[in-house]
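As the structure is a prediction and not an experimental result, all values here were calculated from the model. Order of the sequence lines sets the chain letters (A, B, ...), proteins ahead of strands, with each chain counted from 1.
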Amino acid sequence: MLDPRLIRESPELVRAAIAKKHLKVDLDAALGADTAWRAQLHEVEQLRSVQKAANAAMAALAKGSPEFSAKVAEMKAVSSRVKEREAGLKAAEEKCREAMLALPNLPHSSVPDGATPEQNIVYSAHGDTSAVGPNAVPHWDVPGFARLFDFERGAKVTGAGFPFFVGEGARIVRALINFFLEEAARAGYVEVSPPILVNAASATATGQLPDKEGQMYETTPDRLFAIPTGEVPLTNFYREEILEAAALPVYRCAYTPCFRREAGSYGKDVRGLNRVHQFDKVELLKWVDPATSYDELERLRADAEALLQKLEIPYRVLLMCGGELGFAQSKKYDLEVWAAGQRRWLEVSSCSNFEAFQARRAQIRFRSRDTGRAELVHTLNGSGLAVPRVLAAIIENNLEADGRVRIPAALVPYFGKSHLSFA
RNA sequence: GGAGAGGUGACAGAGUGGUCGAAUGUGCAUGAUUGGAAAUCAUGUGUACUCGAAAGGGUACCGAGGGUUCGAAUCCCUCCCUCUCCGCCA
């Protein structure tokens, strides 16, 4: 949610910023709803003020006295008017809230213009992507792949995109999760194991609701949502709380499975481990003082990058253009690994600053040292990292002539041996 | 899942229809006292919206939502959560 004051006072500034995101947004509807709501609020408050004054006067009168009865008769009329106007006020408030929730976050001034993936800026590139081994193939074509990553049985048991990870396949997943968690801890992130079902209020705070229900799995009859990312429970940890300034910044990390319906995906994007409905991810999350949030974003990106460097996977960093930003993001870097067999880049991390957008929805504040008042924190998050695509890249980049996959040195202690075998 | 008891400010805890945004205590802040501290005393100490240049007003919030009433923390209904006992269970 945006600062309502900003929308009222500088609507053209907001309009221009939203245009950079290439989203169709009815700002005037929000402005109109806000004005209407405030006018009605003022009216109701004045009526209530009359009621309160009368109540004070009546408290001093004898219950049965004629003066008392006269007041009751008089206030009945006011009461019914209050009821009527309150109903209108409630409707106006709801309408205003809906309109406000529909407004996206504004991009930061350093975000490049653009509407398409081609307009993202390659911020940096690391490692060699030119040397393609003679046996580099898409990971799903590696002989024996289906033994370790059993999509067929997963489809039988659950549905498409819910693979079983078997034997060394399961072991490499566990090794990656542990590696990511240990590295995060070393970088100062406190580990959390959160619920992986969340309620509607939590999904609203991080921006999945309203509008994006279709991308989440939803349970009945309790209406809980399977998290699409650890960001959701993690961010909501401090929902409706006021933190002490001294407690900031807070760094947390969490391993969770993530669930995505991915309605509308198709083709080569969804082959193999590229896109699945359930996958493992370690999420990094920060709650920070607003003054520091863009420095924190750079550090967050560096933390995520360090993982890829240690795994010796060629990767690049994209600075996302306005049109490629998510609804709630102010600025985002994507980390993409090189999948040598597919000869394409796979996104394995998104590091974003949400500024106060989520914090306002979630009412996460801190007690400012300067003003003594409760102010909204800034939230940031990034993957550190998503398991299946990192795994795909390791398989495709490290496939050796004998059909085995060389495990990066940093991962060997976690995996327990130097090679993964499909035999 | 069943039965019962509860949910009040940072915390404890009073308040069962009117002058209650809410006693009292603790904590915290500032000041007095002190060489300094403790103790003591005094004052202050929530969030949000809104009007105002400011000073200062107004309104809402006693788990959430709805209802009754001229008036609700207080009465009624629904839901959520916590605790105790029972059942079930990794």
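Remark: B/G6 base-pairs with B/C81. Criterion, Watson-Crick or G-U wobble with two distances under 3.5 Å. Base pairing annotation: B/C61 forms a Watson-Crick or G-U wobble pair with B/G46, both donor-acceptor distances under 3.5 Å. Across all strands shown, B/C11 forms a Watson-Crick or G-U wobble pair, both distances under 3.5 Å, with B/G25. Of all nucleotides present, none satisfies the Watson-Crick or G-U wobble test against B/G71 with each distance under 3.5 Å. Across the strands present, B/C88 finds no partner; the criterion is a Watson-Crick or G-U wobble pair with both atom distances under 3.5 angstrom. Judged by Watson-Crick or G-U wobble contacts below 3.5 Å, the nucleotide B/A53 has no partner. The base-pairing partner of B/U34, taking Watson-Crick or G-U wobble contacts with both distances under 3.5 Å, does not exist among the strands shown. Nucleotide B/A39 has no partner under the Watson-Crick or G-U criteria, as no pair reaches both atom distances under 3.5 Å.
Among the candidates A/Lys332, A/Lys331, A/Glu324, the single residue satisfying the side-chain contact (heavy atoms from CB on, under 4.5 Å) test with A/Leu319 is A/Lys331.
Look at A/Arg8 and you won't find any side-chain N or O under 4.0 angstrom from OP1 or OP2 of B/C49. In this structure, A/Lys76 does not reach the B/U69 phosphate: none of its side-chain N or O atoms is under 4.0 Å from OP1 or OP2. Note on A/Arg365: a side-chain N or O is less than 4.0 Å away from OP1 or OP2 of B/A48. Within the 4.0 Å cut-off from OP1 or OP2 of B/U47, at least one side-chain nitrogen or oxygen of A/Arg367 is found. Contact between the side-chain N/O atoms of A/Ser79 and the OP1/OP2 oxygens of B/G71 is found at a separation under 4.0 Å.
Atoms CD (A/Glu93) and C1' (B/U50) sit 13 Å apart, rounded to a whole Å. Here the C1' atom of nucleotide B/G66 and the CD atom of A/Glu86 are 12 Å apart, to the nearest Å. At whole-Å resolution of the value, NZ in A/Lys83 and C1' in B/G66 are 12 Å apart. Distance CG (A/Leu47) to P (B/G71): 12 Å, rounded to an integer number of Å. With rounding to whole Å, A/Arg97 atom CZ is found 15 Å from B/C49 atom C1'. As rounded to whole Å, 19 Å separates atom C1' of B/U69 from atom CZ of A/Arg81. Between the C1' atom of B/U45 and the CD1 atom of A/Ile242 lies a distance of 14 Å, rounded to the nearest Å. If you take CD of A/Gln51 and C1' of B/U19, they are 16 Å apart, rounded to a whole angstrom.
Between A/Trp287 and A/Tyr238, the ring planes lie perpendicular to each other; the angle is over 60°, past the 30° to 60° tilted range.
For the pair A/Arg367 (side chain) and A/Leu243 (backbone), a donor-acceptor distance under 3.5 Å is absent.
Remark: the A/Glu191 side chain and the A/Tyr255 side chain contain no N/O donor-acceptor pair separated by less than 3.5 Å.
Taking atom P on both B/C76 and B/A90, the two are 41 Å apart, rounded to the nearest angstrom. For the C1' atom pair drawn from B/G25 and B/G9, the interatomic distance equals 14 Å after rounding to whole Å. Using P as the reference atom, B/G66 and B/U74 are 14 Å apart when rounded to the nearest Å. Nucleotides B/G2 and B/C11 place their P atoms 31 Å apart, quoted to the nearest Å. Taking atom P in both B/G13 and B/G7, the straight-line distance is 10 Å, to the nearest Å. With both ends at atom P, the span from B/U78 to B/G4 equals 13 Å, rounded to whole Å. Across the P atoms, B/A72 and B/C62 are found 12 Å apart, a figure rounded to whole Å. Taking atom C1' in both B/C41 and B/U34, one finds a spacing of 14 Å when rounded to whole Å.
Within 4.0 Å (heavy atoms only), A/Lys90 reaches sugar-phosphate atoms of the nucleic acid but no base atom. As judged by a 4.0 angstrom heavy-atom cut-off over every strand, A/Glu74 is placed among residues making no nucleic acid contact.
Here A/Arg252 pairs with nothing under the salt bridge (Lys or Arg N to Asp or Glu O under 4.0 Å) rule; sequence neighbours left out.
Checked against the 6.0 Å centroid criterion, the rings of A/Phe357 and A/Phe327 qualify as a close aromatic pair. Checked against the 6.0 Å centroid criterion, the rings of A/His108 and A/Tyr294 qualify as a close aromatic pair.
Ion pair A/Glu305/A/Arg301 flagged as a salt bridge, since at least one NZ, NE, NH1 or NH2 atom sits closer than 4.0 Å to an Asp/Glu carboxylate oxygen.
Nearest to the side-chain atoms of A/Arg5 among the listed nucleotides B/A48, B/G18, B/U50 stands B/U50.
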What are the atom names and distances for every N/O pair under 3.5 Å that joins the protein to nucleotides 57-61 of chain B?
| from | atom 1 | to | atom 2 | distance (Å) |
| --- | --- | --- | --- | --- |
| B/G58 | O3' | A/Ser49 | OG | 3.3 |
| B/G58 | N2 | A/Glu45 | OE1 | 3.0 |
| B/G58 | N2 | A/Glu45 | OE2 | 3.2 |
| B/U59 | OP1 | A/Ser49 | OG | 3.4 |
| B/U59 | O2' | A/Arg48 | NH1 | 3.3 |
| B/A60 | OP2 | A/Lys52 | NZ | 3.2 |

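The number of heavy atoms from other shown groups lying within 6.0 Å of CZ (A/Arg97) does not exceed 12.
Relative to the six-membered ring of A/Tyr189, A/Lys286 misses at least one condition, a distance below 6.0 Å or an angle of at most 45° to the axis.
A residue-by-residue look at A/Lys63 and A/Met75 shows that A/Lys63 has its nearest nucleotide of RNA chain B further toward the 5' end.
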